Participant: 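So that we are looking at the same thing, I have put the structure below in structure tokens.
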Amino acid sequence: KKTLSTMYGKIKEHLQAELEAIKNAGLYKKERIITSAQKADIVINTGEEVLNFCANNYLGLSNHPRLIQAAKNSLDSHGYGMSSVRFICGTQDLHKELEKQIADYFGTEDTILYAACFDANGGVFEPLLTSEDAIISDTLNHASIIDGVRLCKAHRYRYESADMEDLEDQLKEAQKHRFRIIVTDGVFSMDGHVAPVDKIVELAEKYDAMVMVDECHSAGVVGESGRGVTELYNLKGKVDIITGTLGKAFGGAIGGFTTGKKEIIEILRQKSRPYLFSNSIPPSVAAA
């Protein structure tokens, strides 16, 4: 009879070989240990002071005094954590106020909060679409969108990044399905390219498709007042679903959101698994 240690011995060797291959390929990720607050000039565990050019702290809010004070105040008024998912006993007035402010900020009808935007993207497709429907996705979309698509039974189409001719071809092919949704990053995180969302919306209207935009790397910095690519292209109210994060420009703590049409948000509250089975974000984060 095989023992647990024997079985692990086999996979241990496999994992060691895989880790070595990752190192040999120059792809092994090491964590930098910071001993100061997150900001432009940071202190690392060697004692060195270095300049930080790699954080997503676009507006410098990760260490902003107003956010820190708001978080401190909420610890006294609302406590440390919720120890619950939202629909049982994990919703405070702070969560509802934040959801309303996000909807107002983006000019949408309603908002739902998640522990991270990875969860928002992972939990948006499956509640809305079935095997009768189609998702048309940019090839350079974030991993969270890719994983969210994988969790859904809808048919999958991909178009070359920002290639509107290819997108139109995929939309033509997807006409045989009940519902269609085009999904794209607003700003592609690895290259910094801005998606042509204005042209995407035009094609969506022509071929009867919904549009979803991930504003993680654009909200707070793109557009005249930082409301993302939907503001940049003057598309307020024309994008059906916007996802985003509180972990970059908006303070860099934790949390994500989906904002958009009220019926979409309502069904996500009822059926989106990352929302239903994950703790609420801490009160201090909502307050800040």
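The shown structure was predicted, so the numbers you read here are calculated from the model rather than taken from an experiment.
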Participant: Check whether any side-chain heavy atom of F188 sits under 4.5 Å from a side-chain heavy atom of H217, and report yes or no.
Facilitator: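 SC-SC contact between F188 and H217 ruled out.
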Participant: Check step by step if side chain to side chain contact (heavy atoms under 4.5 Å, CB included) holds for N279 and M82.
Facilitator: CA-CA 7 Å; N279 263 17; M82 295 308 300; 5.7 Å; no
Participant: Is K238 atom NZ crowded by more than 12 heavy atoms from other residues, nucleotides or ligands, each under 6.0 Å away?
Facilitator: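 Count not over threshold, so no.
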Participant: Do I112 and I254 share a hydrophobic cluster (ILVMFWY, side-chain heavy atoms under 4.5 Å, transitive)?
Facilitator: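 Looking at the clustering, I254 is in a separate group from I112.
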Participant: Run the side chain to side chain contact (heavy atoms under 4.5 Å, CB included) check on R180 and I136 step by step: do they pass?
Facilitator: CA-CA 7 Å; R180 290 157 294 283; I136 305 101; 4.0 Å; yes
Participant: Nearest heavy-atom pair of S161 and T139: which atoms, and what distance?
Facilitator: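 Closest approach of S161 to T139: N-OG1, 3.2 Å.
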Participant: Evaluate the side-chain proximity of Q170 to I182: yes if any heavy-atom separation is below 4.5 Å, no if none is.
Facilitator: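 Side chain of I182 against side chain of Q170, heavy atoms only: no contact under 4.5 Å found.
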Participant: Which heavy atom in P283 sits nearest to a heavy atom in G81, and how many Å separate them?
Facilitator: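 The answer is CD-CA, 3.9 Å.
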Participant: Report the C-alpha separation of T258 and I265 in whole Å, then their side-chain angles, then the decisive distance to 0.1 Å, and conclude whether the side chain to side chain contact (heavy atoms under 4.5 Å, CB included) test is met.
Facilitator: CA-CA 7 Å; T258 300; I265 303 306; 4.0 Å; yes
Participant: Say you draw a straight line from CG of L113 to OG1 of T259; how long is it, rounded to the nearest 0.5 Å?
Facilitator: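 The CG atom of L113 sits 9.5 Å away from the OG1 atom of T259.
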Participant: Determine whether L171 and I135 fall in the same hydrophobic cluster, where Ile, Leu, Val, Met, Phe, Trp and Tyr are linked whenever their side-chain heavy atoms lie under 4.5 Å apart.
Facilitator: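 L171 and I135: separate clusters.
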Participant: Which pairs would a plain distance check flag for residues 192-200, meaning a side-chain donor or acceptor within less than 3.5 Å of a matching protein atom at least two apart in sequence or in another chain?
Facilitator:
none

Participant: Side chains of R178 and D133: closer than 4.5 Å at any heavy-atom pair?
Facilitator: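 Yes, at least one pair of side-chain atoms sits under 4.5 Å.
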Participant: What's the separation between atom CD in E126 and atom NZ in K153, rounded to the nearest 0.5 Å?
Facilitator: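 Here the interatomic distance stands at 8.0 Å.
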Participant: Would you tell me whether S280 and R86 have side-chain atoms, one donor and one acceptor, within less than 3.5 Å of each other?
Facilitator: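 The answer is no; no qualifying pair exists.
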Participant: CD1 of I34 to CG of N52: how many Å apart, nearest 0.5 Å?
Facilitator: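 Spacing of CD1 (I34) from CG (N52) equals 6.0 Å.
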Participant: Quick one: does E215's side chain have a donor or acceptor within less than 3.5 Å of a partner on V229's backbone?
Facilitator: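 Such a contact is found between E215 side chain and V229 backbone.
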Participant: Should I241 and M210 count as side-chain neighbours, where that means a heavy-atom distance under 4.5 Å?
Facilitator: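 Counting from C-beta outward, I241 and M210 never come under 4.5 Å.
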Participant: Can you hop from V222 to I242 via hydrophobic side chains spaced under 4.5 Å?
Facilitator: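 Same hydrophobic cluster.
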Participant: Suppose we call two aromatic rings close when their centres sit under 6.0 Å apart. Are F250 and F257 close by that rule?
Facilitator: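 F250 vs F257: aromatic centres not under 6.0 Å.
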Participant: A side-chain contact here means heavy atoms from C-beta on lying under 4.5 Å apart; do E160 and E165 qualify?
Facilitator: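 No - every pair of side-chain heavy atoms lies 4.5 Å or more apart.
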Participant: When you check the side-chain N and O atoms of E168 and Y207, is any donor under 3.5 Å from an acceptor?
Facilitator: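 Distance-only check passes for E168 and Y207.
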Participant: Do the side chains of R32 and I44 get nearer than 4.5 Å, heavy atoms only?
Facilitator: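 Sidechains of R32 and I44: no contact.
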Participant: Would you indicate whether K96, at its atom NZ, is surrounded by more than 12 heavy atoms from other residues, nucleotides or ligands within a distance under 6.0 Å?
Facilitator: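 Correct, the count exceeds 12.
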Participant: Within the 4.5 Å heavy-atom criterion, are V183 and F125 side-chain neighbours or not?
Facilitator: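 Heavy-atom side-chain distance check passes, below 4.5 Å.
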Participant: Do NZ/NE/NH1/NH2 and the carboxylate oxygens of K100 and D104 come within less than 4.0 Å?
Facilitator: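 D104 and K100: salt-bridged.
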Participant: How close do V43 and S36 get, heavy atom to heavy atom, and via which atoms?
Facilitator: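 Shortest heavy-atom separation between V43 and S36 comes out as N-OG, 3.0 Å.
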Participant: Other residues, nucleotides and ligands only: do more than 12 of their heavy atoms fall within 6.0 Å of CD on Q16?
Facilitator: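 Check passes, neighbour count above 12.
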Participant: Give, for atom NZ of K248 and atom CG of N57, the distance between the pair rounded to the nearest 0.5 Å.
Facilitator: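 Interatomic distance, K248 NZ to N57 CG, rounded to 0.5 Å: 11.5 Å.
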Participant: Is it true that a side-chain atom of D119 and a backbone atom of Y275 form a donor plus acceptor pair closer than 3.5 Å?
Facilitator: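 No; zero donor-acceptor contacts below 3.5 Å.
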Participant: Working to the nearest 0.5 Å, report the span between NE2 of H95 and CD of E99.
Facilitator: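 Between atom NE2 of H95 and atom CD of E99 there are 8.5 Å.
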Participant: Closest heavy-atom contact between A287 and S74?
Facilitator: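 Looking at all heavy atoms of both residues, the shortest contact is CB-CB, 3.5 Å.
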Participant: Can you confirm whether the side chains of R227 and Y105 place a donor and an acceptor under 3.5 Å from each other?
Facilitator: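 On atom types as modelled, these side chains do not qualify, holding no pair under 3.5 Å.
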Participant: Has the side chain of D185 got a donor or acceptor atom that lies under 3.5 Å from a matching backbone atom of N141?
Facilitator: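 Answer holds: no.
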Participant: Minimum heavy-atom separation for C117 and C216, please, with both atom names.
Facilitator: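 So the minimum-distance heavy-atom pair works out to SG-SG, 3.3 Å.
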Participant: Does E266 pair with R269 as a salt bridge, N-O distance under 4.0 Å?
Facilitator: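 Salt bridge flag = no for R269 with E266.
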Participant: Honestly curious: do L167 and Y233 fall in one hydrophobic cluster under the side-chain, below-4.5 Å linking rule?
Facilitator: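 Linked within one cluster.
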Participant: Just to verify, which of V285, I281, T111, D93 counts as forming a side chain to side chain contact (heavy atoms under 4.5 Å, CB included) with L98?
Facilitator: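 So the option named by the test is I281.
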Participant: Could you report the tightest heavy-atom contact between G186 and S218, atom names first, then the distance?
Facilitator: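 What the structure gives for the nearest pair is CA-OG, 4.2 Å.
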Participant: Examine the side chains of Y114 and S272 and answer whether a donor and an acceptor come within less than 3.5 Å of each other.
Facilitator: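 Yes, because at least one side-chain N or O of Y114 sits under 3.5 Å from a partner of the opposite role on S272.
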Participant: Cluster question for you: counting only ILVMFWY and a side-chain heavy-atom cut-off of under 4.5 Å, with indirect links fine, are L129 and V211 together?
Facilitator: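 No, it is not one cluster - the side chains of L129 and V211 are not joined through contacts under 4.5 Å.
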Participant: Given M164 and Y159, is the side chain to side chain contact (heavy atoms under 4.5 Å, CB included) satisfied, shown in steps?
Facilitator: CA-CA 8 Å; M164 295 300 96; Y159 63 96; 4.3 Å; yes
Participant: Any heavy-atom pair between the side chains of D147 and N121 that's under 4.5 Å?
Facilitator: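 A side-chain contact under 4.5 Å is absent here.
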Participant: Can you tell me how far the CD1 atom of I146 sits from the OG atom of S137, to the nearest 0.5 Å?
Facilitator: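 Answer for the CD1-OG pair, I146 versus S137, is 6.5 Å.
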